[in-house]
Amino acid sequence: MSKPSLPQGTRDFNASVVRKRNYIFQTIRSVMESYGFQPLETPAMENLDTLMGKYGDEGDKLIFKILNNGLDNPAKQDSAKLEFEKILSGKNSKSLTERALRYDLTIPFARYVAMNHAQLTMPFKRYQIQPVWRADRPQKGRYREFYQCDADVVGSYSLLNEVELSNLYATVFKQLGIDVTIKMNNRKILAALAEICGGADKMVDITVAIDKLDKIGLDKVKEELSGRGLSDSQINTIENYLLIDGSNDEKIASLKKLIGENATGNKGIEELEWVLNYHQNSFVANHLQADFTLARGLNYYTGIIFEVKANNAQMGSIGGGGRYDDLTGTFDVPNIPGVGISFGVDRIYDVMEELQLFPAEVQTGTKVLFFNLGDAESKVAYSLMQSLRDKGIAAELFHENSKFDKQFKYADKKQIPYAVIIGSKELLENSVVLKNLISGDQQSLSNNELLSFAF
RNA sequence: GAGGGCAUAGCUCAGUAGGUUAGAGCGACAGUUUGUGGCACUGUAGGUCGUGGGUUCGAGACCCAUUGUUCUCCCCA
């Protein structure tokens, strides 16, 4: 047996990391629950048919496929070989791979809604926190297995959903202690820009280019637009659009001038203003920023789009989302619109680590270590320990009668803050020595006093 | 899908122009006379230098291949 190792792009999480991650998950979960979202979990694997063709050509390649079982059945060997030829020529073969690992949470959710829409109470609000898998080449901050954390409302056109979701973002990050800017734009505004610049068919080219603005800068975006066949005057219009600056009100005023009479554009602006105004007297308003350079790569968005950035950290977006018209059309259930957001848990973790935002109490595991100083002594210790455990206090009894030295070192390494020492003397007196391992102070307590001690 | 870097003890790494028995720190374990830890000191264990070829009198070092890993681009979270 060679050295054990992890599959590429996967990670083990040790106790300390799991505790911190759970802190993030629990914060998000509790806020989502308080907004009336319901949990949903779907299987790690889906039928390949469910996933193929939903993520574009690039995405399809990154789906982890699962090899069918039983291919070594001698009766099937000839057909298996034949089918394998298909795979080699880039096609899929249902008789070789019928299933695949979940690539994101949105398509499984859409599949779920398509299967159950008749039973669901609309609007249906669900949240989902589960791992997804991609056969991507891993690099910094990108893994083959990672968690997504989504909340969606489907079956409603109301902008109140956008208001709630932006509020949800602001609440979660406030609770986590991360100062954020929630950027908002509207795909209708981008659509209007495309119409003004010579045609709705240019919409995808324009949004893909604009989406890169942060990364590559204005000049490169102009180059890219030119490469995609836009004229100088069209690019000039887009440049003017991208340069719009100022407060939210000032930006909207400038945009209105640029958009003019365009109906789609004005609808987009109106929606944006509606959401912004709704938050007017709330703490959310301080975090909301109209940002017309926000595009989002995904093309299924049709209305308001979001992206969240941490203000005090060098980090890309830590959340994003938006409105889409037709979640389940691909599963032959039309007319179910929705709006959703997602949290980038790994990045949130990195930001919180960088800014040291994890509360210290997230780390504590065992609170009390009972020393083991012999059979009779440890029996008393064991029963006292169980009483503490019943009260919800995490406690351990050292596994064998060892020297003090060893038992102290164990407590030290596990960062256990209290030691309870019961030796022959204490055994006779029905008492214990309780030692605070951080301060070094110790006191003698009766057994009953120990049980009512405030750890 | 395209292109770089790295691979030596459990971990982090050093190994100078190829030259005897491959090193350090941390960690682990044991001890410094068994009821008070973190420190310090002493000692012990642990490596066929990722794998397979090649060059050479001689390879951890140079060349080729292979596997793993990491980073960048594409794309995305």
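Proteins come first, then strands; the chains are lettered A, B, ... in the order of their sequence lines, and each starts at number 1. These numbers were taken from a predicted model, which means no experiment stands behind them.
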- [ ] Starting from C1' on B:G37, measure out to OH on A:Tyr418 and report it in whole angstrom.
- [x] 17 Å
Task: Separation between the P atoms of B:G43 and B:G50, rounded to whole Å - done: 30 Å
Could you go over nucleotides 29-31 of chain B and give all protein N or O partners under 3.5 Å, atom names and distances?
from, atom 1, to, atom 2, distance (Å)
B:A30, OP1, A:Lys406, NZ, 3.0

Task: Pairwise P distance for B:C64 and B:C74, with rounding to whole Å - done: 29 Å
Open item on the list: Strictly by salt bridge (Lys or Arg N to Asp or Glu O under 4.0 Å), give each pair with a member in residues 431-447 of chain A just once, sequence neighbours left out.
Closed with: none
Task: Inter- and intrachain pairs under salt bridge (Lys or Arg N to Asp or Glu O under 4.0 Å), touching residues 102-111 of chain A, at least two apart - done: A:Glu46-A:Arg111
- [ ] Just call it for A:Glu145: base, sugar-phosphate, or nothing, with non-hydrogen atoms closer than 4.0 Å on any strand.
- [x] nothing
Task: Span that lies between the P atom of B:A9 and that of B:G18, in whole angstrom - done: 23 Å
- [ ] Please list all pairs passing the salt bridge (Lys or Arg N to Asp or Glu O under 4.0 Å) test where one or both residues lie in residues 12-29 of chain A, with sequence neighbours left out.
- [x] A:Lys20-A:Glu353, A:Arg21-A:Asp346
Open item on the list: For the residue pair A:Thr10 / A:Glu145, report whether a side-chain donor-acceptor contact shorter than 3.5 Å exists.
Closed with: no
Open item on the list: Could you tell me how far B:C49 sits from B:C62 if I compare only their C1' atoms? Round to whole Å.
Closed with: 15 Å
Open item on the list: Donor-acceptor check, side chain of A:Asp291 to backbone of A:Thr293, threshold 3.5 angstrom: yes or no?
Closed with: yes
TODO: Would you mind reading off the distance between A:Asp405 atom CG and B:C39 atom P, rounded to a whole angstrom?
DONE: 10 Å
- [ ] For A:Ser424, check side-chain hydrogen bond (donor to acceptor under 3.5 Å, both in side chains) against everything at least two apart and list the hits.
- [x] none
Open item on the list: Is there aromatic stacking of A:Phe404 on B:G37 here, judged by a ring-centre distance under 5.5 Å and a plane angle under 30°?
Closed with: no
- [ ] Could you tell me the separation between the CZ atom of A:Arg347 and the P atom of B:A77, rounded to a whole number of Å?
- [x] 9 Å
TODO: May I have the distance from A:Phe398 (atom CZ) to B:U34 (atom C1'), rounded to whole angstrom?
DONE: 15 Å
Task: All side-chain hydrogen bond (donor to acceptor under 3.5 Å, both in side chains) counterparts of A:Lys309, not counting sequence neighbours - done: none
Task: Gap in Å between the two P atoms, one belonging to B:U51 and one to B:A7, rounded - done: 13 Å
Open item on the list: I'd like the C1' distance from B:A14 over to B:C6, given in whole Å.
Closed with: 15 Å
TODO: Measure from OH on A:Tyr55 to P on B:A77 and round the result to the nearest Å.
DONE: 11 Å
Open item on the list: How would you summarise protein contacts on nucleotides 67-74 of chain B per nucleotide, using B for base, S for sugar-phosphate only and - for none, with heavy-atom distances below 4.0 Å?
Closed with: --S-BSBB
- [ ] Starting from C1' on B:A77, measure out to CD on A:Gln148 and report it in whole angstrom.
- [x] 6 Å
- [ ] Describe the nucleic acid contact of A:Gly423 in one word from base, sugar-phosphate, nothing, applying a heavy-atom distance below 4.0 Å.
- [x] base
Open item on the list: Heavy atoms only, 4.0 Å cut-off, all strands: where does A:Ser424 land among base, sugar-phosphate and nothing?
Closed with: base
TODO: Determine, step by step, whether A:Ser402 and A:Gln407 satisfy the side-chain hydrogen bond (donor to acceptor under 3.5 Å, both in side chains) criterion, reporting the C-alpha distance in whole Å, the side-chain angles of both residues, the deciding distance to 0.1 Å, and the verdict.
DONE: CA-CA 7 Å; A:Ser402 308; A:Gln407 310 203 30; 5.0 Å; no
Task: B:G15 and B:A24, which share atom name C1', separated by this distance in whole Å - done: 10 Å
Task: Atom-pair distance (CD on A:Glu224; C1' on B:C75), nearest Å - done: 13 Å
Task: Positions of residues 432-444 of chain A (non-hydrogen atom under 4.0 Å from RNA chain B), listed by number - done: A:Lys435, A:Leu437, A:Gly440, A:Gln442
Task: Validation row, ring centre A:Tyr349 to ring centre A:Phe358 under 6.0 Å - done: yes
- [ ] Check side-chain hydrogen bond (donor to acceptor under 3.5 Å, both in side chains) between A:Asn312 and all other residues, then give those that pass, not counting sequence neighbours.
- [x] none
Task: Sequence neighbours excluded - salt bridge (Lys or Arg N to Asp or Glu O under 4.0 Å) pairs with any residue from residues 362-372 of chain A - done: none
TODO: With sequence neighbours left out, write down each residue that passes side-chain hydrogen bond (donor to acceptor under 3.5 Å, both in side chains) with A:His287, or none if nothing qualifies.
DONE: none
Task: Aromatic plane relationship, A:Tyr103 with A:Tyr55 - under 30° parallel, 30 to 60° tilted, over 60° perpendicular - done: tilted
Task: Base-pair map of RNA chain B as dot-bracket, where | denotes pairing with a different strand and pairs are Watson-Crick or G-U under 3.5 Å - done: (((((((..((((.....[...)))).(((((.......))))).....(((((..]....))))))))))))....
Open item on the list: Tell me the interatomic distance from A:Asp211, atom CG, to B:A77, atom C1', rounded to whole angstroms.
Closed with: 13 Å
TODO: Check the angle between the aromatic planes of A:Tyr241 and A:Phe292 and answer parallel, tilted or perpendicular using the 30° and 60° thresholds.
DONE: tilted
- [ ] For A:Tyr143 and for A:Leu373, locate the closest nucleotide of RNA chain B by heavy-atom distance; then report the residue assigned to the nucleotide nearer the 5' terminus.
- [x] A:Leu373
TODO: Using ring pair (Phe, Tyr, Trp, His ring centres under 6.0 Å) as the criterion, point out the one residue from A:Tyr410, A:Phe398, A:Phe408 that pairs with A:Phe371.
DONE: A:Phe408
Task: C1' spacing across the pair B:A77 / B:G37, given as an integer number of angstrom - done: 45 Å
